[in-house]
Amino acid sequence: MAKFKTPEMSWIVQDLNQEWRRFYRQAMCIFEGPLHDKEDGVKVSYVKLWVGDKGLDVFEGFTFAQPADAKKLDIVLKKFEDYCTPHKPLADTLTLEKAIEIGRSHETNLASLKKLTKDEDLICICN
């Protein structure tokens, strides 16, 4: 196999979304080039190597619909993309009072809020 510069993901940048796009472009050049004949599971292993320790921690936090999905390149790349995409500001979401007015349950709102913040430690205090 020809030598090539492997992509590296920096997790300490200001704009994680832009860093992901840069990483993704470089990785795809390698996947479509020298690694084009490799199976998805092998390509996912390369991604896990290239994203470094922080990326491995992120990967281990992903939940997959099926265990086999963790070895599907398109699904893994989408999970990383979603993780690196900026969160929608909470100010743009419905307030609890407004959501209740339109018939959404407290549990639905709390689940939506957790999904938006991607923070499992979120504590919601409601009056």
Side-chain angles (χ1 to χ4, degrees):
M1 180 175 359
K3 296 283 182 186
F4 51 86
K5 183 180 182 301
T6 59
E8 295 177 7
M9 181 71 183
S10 174
W11 296 94
I12 58 172
V13 296
Q14 292 269 357
D15 188 343
L16 195 55
N17 188 39
Q18 182 178 349
E19 176 64 11
W20 171 255
R21 289 193 313 257
R22 183 200 60 76
F23 174 87
Y24 177 85
R25 283 193 315 268
Q26 291 178 353
M28 291 310 294
C29 288
I30 295 170
F31 291 145
E32 294 169 356
L35 299 180
H36 74 280
D37 58 346
K38 301 294 182 191
E39 294 181 15
D40 267 10
V42 173
K43 292 178 181 180
V44 168
S45 293
Y46 275 100
V47 170
K48 290 165 62 176
L49 286 170
W50 296 338
V51 295
D53 290 336
K54 168 67 175 163
L56 281 175
D57 291 342
V58 170
F59 178 84
E60 289 172 0
F62 293 153
T63 54
F64 296 95
Q66 302 292 324
D69 289 348
K71 294 187 178 197
K72 293 180 181 176
L73 183 64
D74 58 335
I75 293 173
V76 170
L77 292 176
K78 178 69 174 136
K79 295 272 188 187
F80 273 110
E81 178 183 348
D82 291 347
Y83 181 88
C84 295
T85 301
H87 301 78
K88 184 177 181 180
L90 290 178
D92 292 346
T93 63
L94 292 173
T95 64
L96 179 60
E97 293 80 13
K98 185 66 176 173
I100 290 172
E101 283 178 30
I102 60 173
R104 290 180 59 183
S105 72
H106 174 70
E107 291 78 19
T108 302
N109 289 308
L110 187 55
S112 297
L113 191 58
K114 283 184 178 181
K115 182 187 275 188
L116 284 170
T117 61
K118 293 184 181 180
D119 183 0
E120 296 300 321
D121 297 326
L122 176 69
I123 298 174
C124 179
I125 300 173
C126 305
N127 293 333

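Positions are given from 1 along the sequence.
- When side chains are defined from C-beta on, Val47 counts as touching Leu77, because their heavy atoms get closer than 4.5 Å.
- Note: Phe31 and Trp50 meet the aromatic proximity criterion, with ring centroids under 6.0 Å apart.
- In terms of hydrophobic clustering, with Ile, Leu, Val, Met, Phe, Trp and Tyr side chains grouped at heavy-atom distances under 4.5 Å, Met28 and Val42 are assigned to a common cluster.
- Aromatic ring pairs are classed by plane angle as parallel below 30°, tilted from 30° to 60° and perpendicular above 60°; the pair Tyr24 and Trp20 is tilted.
- Every side chain to side chain contact (heavy atoms under 4.5 Å, CB included) that Leu16 has, sequence neighbours left out, goes to Met9, Trp11, Val13, Tyr83, Cys84.
- Of all the heavy atoms in Cys29 and Pro34, the pair that sits closest is O-CD, 4.1 Å.
- With Lys54 contributing its side chain and Ser10 its backbone, the two residues share no donor-acceptor pair below 3.5 Å.
- Placement of Leu49 and Leu56 in two distinct hydrophobic clusters is found when ILVMFWY residues are connected by side-chain heavy-atom separations under 4.5 Å, directly or transitively.
- How far CD of Glu19 is from CD1 of Ile12: 9.5 Å, rounded to the nearest 0.5 Å.
- Of all heavy-atom pairs between Val76 and Ala70, the closest is CG2-O, 3.4 Å.
- The side-chain heavy atoms of Asp40 and Lys72, taken from C-beta on, include a pair separated by under 4.5 Å.
- In this structure, CG on Leu73 lies 12.5 Å from CD on Glu39, to the nearest 0.5 angstrom.
- Between Thr6 and Tyr46 there is no side-chain heavy-atom pair separated by less than 4.5 Å.
- Classification of Asp82 and Lys78 as a salt-bridged pair holds, one side-chain N sitting under 4.0 Å from a carboxylate O.
- The aromatic rings of Phe62 and Phe59 sit perpendicular, their planes meeting at an angle over 60°, well past the 30° parallel limit.
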What's the verdict on side-chain hydrogen bond (donor to acceptor under 3.5 Å, both in side chains) for Arg22 and Gln26, showing C-alpha distance, side-chain angles and the deciding distance?
-> CA-CA 6 Å; Arg22 183 200 60 76; Gln26 291 178 353; 2.9 Å; yes
